[in-house]
Amino acid sequence: MYKVILYYNFHTIEDPEAFCRAHKKACQALNLFGRVYIAAEGINGTLAGTAEQVDAYKQYLWDIPGFAPTEFKEDQTDYVPFVKLIVKTREEIVSLKTRETYDVNKEGGRHLSPEQWKAVLDSDEDIILIDVRNDYETRIGHFEGAIRPERENFYDFPEWLDEAGLDKNKKVLMYCTGGIRCEKFSVLMKKKGFKDVNQLQGGIINYAKTVGDAHYKGKCFVFDDRLTVPIEENQEQPLTNCEITGEPCDTYLNCANPDCNRLFICSVEGAKKYDGCCCEDCMKSPRKRPLDPDNIYMPTRKWYQYFDEKR
Ligand SMILES: [Zn+2]
């Protein structure tokens, strides 16, 4: 058995480059796989390894001054769903590309525990429930009744918010996979004048671990080779259909045209029909990857890059 962890912490890092070098060495020494991003505003990562390796990493991070409060979302897997380790610096660990400053620790929304979140959804309180994940993530699973803005990139959300015309006096509840995107989007909503902004502590992953699947339909997109994890117990039908054949399906495929590389919902039949591509145009690409009919859903590693650009 292996553990997969997902975490972030907005704590100022004075010298991100030096922090990154030391962090990479520590991860390599522990033989961990996954991705860690480091910026002046903090750290965001997803890593996998044996329970001992992962637990040693958690302790390593908690021991760094300022990082003791880091919360980890944990899952068990029977394989390590990464093939390499990437530890690198970025401008921001999650970006809305607005050039505003986000003091997430002071200006963010109220964090609701999974129990508090469920209590609000159980009640008949009139709320605005927002899924702040990207379009392709929300399709395979989401909280019932959530507004899903259908945007391809997280940084498209400020524009969506300006156009959505939501009632600023209503109670807002927002959620994402592990909580990090809400940290910034809640600040933005408050800056825009929303009075009662709330966010799900630890995201869908933490909610599922804590209170289960109440009010949630379907699966959850994750940032490793599993691509999805089940959330709704005894789910009978996928929420989505194959984009090529139209049959019920909630399996992702990266378009085999590397210049497109779009993640789309695709059945085995659909993959065979378009040779692993998302559309007929992509099939014409001279750089198209060959489709292995026995391993249609083999991760291409390209999806990391695809997703990270959009998050
Ligand atoms: Zn394509």
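Order of appearance sets the numbers: ligands from 1, and atoms from 1 within every ligand.
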Checklist entry - Measuring to the Zn ion (ligand 1), does Cys277 have an N/O/S atom at a distance below 2.8 Å? => result no
Checklist outcome for this item: Taking the Zn ion (ligand 1) as the apex, SG on Cys260 and SG on Cys278 give an angle, to 10°, of 110°
Checklist entry - Under 4.0 Å between a Lys/Arg side-chain N and an Asp/Glu carboxylate O for Arg151 and Glu159? => result no
Checklist entry - What is the minimum heavy-atom distance between Val120 and Glu125, and which atoms define it? => result CG1-OE1, 4.1 Å
Checklist entry - Is any NZ, NE, NH1 or NH2 atom of the basic residue among Lys209 and Glu71 found under 4.0 Å from an Asp or Glu carboxylate oxygen of the other? => result no
Checklist entry - Is the Tyr57 ring parallel, tilted or perpendicular to the Tyr7 ring (thresholds 30°, 60°)? => result tilted
Checklist entry - Counting backbone and side chain alike, does Cys282 bring an N/O/S atom below 2.8 Å of the Zn ion (ligand 1)? => result yes
